[in-house]
Amino acid sequence: MRLQGKVIIVTGSTTGIGKAIAIRCVDEGASVVLHGLEQPLGEQVLAEIGKDKASLIIEDITADGAPQRLVDRALQAFGKLDAVVNNAGMVVSSNIHTTDLAFFRKVIEVNTIAPFALIKAALPFLRKTHGCVLNIGSVNAYSGEPNLLPYSVSKGALMTMTRNLGDTLHREEGVRVNQINPGWVLTETEVVRKHEQGLPKDWYKDLPAMYAPSGRILAPAEIAAAAIYWLADESGPVSGQVVDVEQHPFIGRNPPKD
Ligand SMILES: NC(=O)c1ccc[n+]([C@@H]2O[C@H](COP(=O)([O-])OP(=O)(O)OC[C@H]3O[C@@H](n4cnc5c(N)ncnc54)[C@H](O)[C@@H]3O)[C@@H](O)[C@H]2O)c1
């Protein structure tokens with residue numbers, strides 16, 4: 001019960017990593033505001049957790065006023081706000097040739113500006129509870145796969161925002177801001193995404209050791225386990241940190257050329 005009594009907004013918690021984080025938060029004693037785009041999936045997560053510990057909002061995070069409505073829901077349903085997990089994201093493949101300006105702006109809007117807007121809306125209430133923010137980035141933040149150009153840029157910018165606000169907000173408002181950069185995670189949508197991009201249907205069962213030294217990629221629950229530390233009081237005053245959660249190093253890695 002490492003999050004006993006805490007109230008946490010988890011964006012993009014209708015599926016994947018966000019869903020796993022929301023479920024684990026409740027297992028650790030928290031109440032959660034669930035959020036995302038997919039109504040039926042959101043209803044399933046709500047039913048699994050139970051309405052006494054969760055409240056659901058289905059809305060595009062970039063809609064006018066959406067961040068404020070998430071904060072208002074936390075206050076209405078549970079009376080306060082202790083933490084925000086900025087997890088909702090567009091995971092989209094495109095390179096310089098297939099990215100037009102409108103698409104680039106959309107990815108930045110969802111993956112970078114929306115987290116900023118939610119932190120801004122939540123701040124007056126996080127200040128009251130000495131709360132915290134956990135941003136979910138990506139190991140693509142450091143450079144990124146060739147075919148993940150706007151996505152990687154959006155996560156790089158998010159990482160800089162985490163360090164900037166993790167400094168400023170901690171000193172000025174008593175609010176910590178940290179980030180997890182997940183590596184490759186086997187979510188329901190990732191299974192479909194990679195198949196649509198040309199990999200075999202069960203691609204995740206046979207992966208090269210270079211990407212999956214353990215023989216498999218990460219499970220959403222393993223990212224959720226890491227998230228709890230940053231949301232719980234046990235991480236103390238630590239702020240402005242970015243942690244890669246992958247099964248090999250990202251920075252400095254130099255794979256064999258054979
Ligand atoms: N799966 C991976 O391998 C992986 C790796 C690194 C980082 N991540 C990051 O983890 C987070 C979750 O990814 P996932 O793999 O679970 O993805 P997913 O596609 O399963 O889930 C994305 C969630 O975000 C929501 N969402 C997307 N766009 C939205 C919008 N405009 N408004 C509101 N909600 C929106 C969806 O409804 C869904 O709930 C993302 O930020 C992603 O970049 C994933």
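Indexing begins at 1, ligand by ligand and atom by atom, following the structure's order. Keep in mind it's a predicted model, so treat the numbers as computed, not measured.
Among Gly183, Ala141, Gly137, Ser154, the residue whose heavy atom lies nearest to atom 7 (C) of ligand 1 is Gly137.
Contact analysis puts Asn87 in contact with ligand 1, with a non-hydrogen atom separation below 4.0 angstrom. Residue Lys155 places a heavy atom under 4.0 Å from ligand 1. A heavy-atom separation below 4.0 Å is found between Arg193 and ligand 1. Not a single heavy atom of Ala20 sits less than 4.0 Å from an atom of ligand 1.
Every atom of ligand 1 with a heavy atom of His35 under 4.0 Å away is listed here by number and element: 33 (C), 34 (N). Heavy-atom contacts of Gly36 reach the following atoms of ligand 1: 34 (N), 37 (O) (cutoff under 4.0 Å). Under a 4.0 Å criterion applied to the non-hydrogen atoms of Glu59, ligand 1 contributes the atoms 32 (N), 33 (C). Near Trp184, meaning under 4.0 Å from one of its heavy atoms, ligand 1 places the atoms 3 (O). Those atoms of ligand 1 with a heavy atom of Thr15 less than 4.0 angstrom away are 18 (P), 20 (O), 21 (O), 22 (C), 23 (C), 38 (C), 39 (O).
Although no hydrogens or angles enter the test, the distance criterion places a donor-acceptor pair under 3.5 Å between the side chain of Gln247 and the main chain of Ser214.
For a threshold of 3.5 Å applied to N or O pairs, the pair formed by Val91 and ligand 1 contains no separation below that value. Residue contacts with ligand 1: Gly18 is placed with no nitrogen or oxygen under 3.5 Å of a nitrogen or oxygen of the ligand (distance criterion only). The shortest N/O to N/O separation between Glu38 and ligand 1 falls below 3.5 Å. Residue Thr62 has no nitrogen or oxygen atom sitting less than 3.5 Å from a nitrogen or oxygen atom of ligand 1, judged on distance alone. The shortest N or O to N or O distance between Gly12 and ligand 1 is below 3.5 Å. Checked by distance only, ligand 1 and Ile61 come closer than 3.5 Å through their nitrogen or oxygen atoms. For a threshold of 3.5 Å applied to N or O pairs, the pair formed by Ile17 and ligand 1 contains at least one separation below that value.
Salt bridge annotation for Glu190-Arg193: present, with a cationic side-chain nitrogen under 4.0 angstrom from a carboxylate oxygen. Between Glu59 and Arg73, no side-chain nitrogen of the basic residue sits less than 4.0 Å from a carboxylate oxygen of the acidic one, so the salt-bridge criterion is not met.
Here CE of Met159 is found 11.5 Å from CG of Asn135. Values are rounded to the nearest 0.5 Å.
Residue, atom and distance of the protein heavy atom nearest to atom 31 (N) of ligand 1 are Asp60 OD1, 3.1 Å. When only non-hydrogen protein atoms are considered, atom 29 (C) of ligand 1 lies nearest to Leu37 CD1, 3.5 Å.
For Val110, every heavy-atom contact with ligand 1 shorter than 4.0 Å involves the side chain, none the backbone. By the criterion of a heavy-atom distance under 4.0 Å, both the backbone and the side chain of Val185 are placed next to ligand 1.
Following chains of ILVMFWY side-chain contacts shorter than 4.5 Å, one cannot reach Ile180 starting from Leu165, and the two form parts of different hydrophobic clusters. Side-chain heavy atoms closer than 4.5 Å link hydrophobic residues (I, L, V, M, F, W, Y) into clusters, and following such links, possibly through other members, connects Ile9 to Met161.
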Worked check of side chain to side chain donor-acceptor pair (under 3.5 Å) between Thr15 and Glu188: CA-CA 7 Å; Thr15 58; Glu188 312 90 292; 5.4 Å; no
Asp72/Gln76 under side chain to side chain donor-acceptor pair (under 3.5 Å): CA gap, chis, key distance, verdict: CA-CA 6 Å; Asp72 291 346; Gln76 281 156 14; 5.3 Å; no
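Using the six-membered ring where Trp is involved, Trp203 and Trp184 have ring planes that are parallel, under 30° apart on the 30 and 60° scheme.
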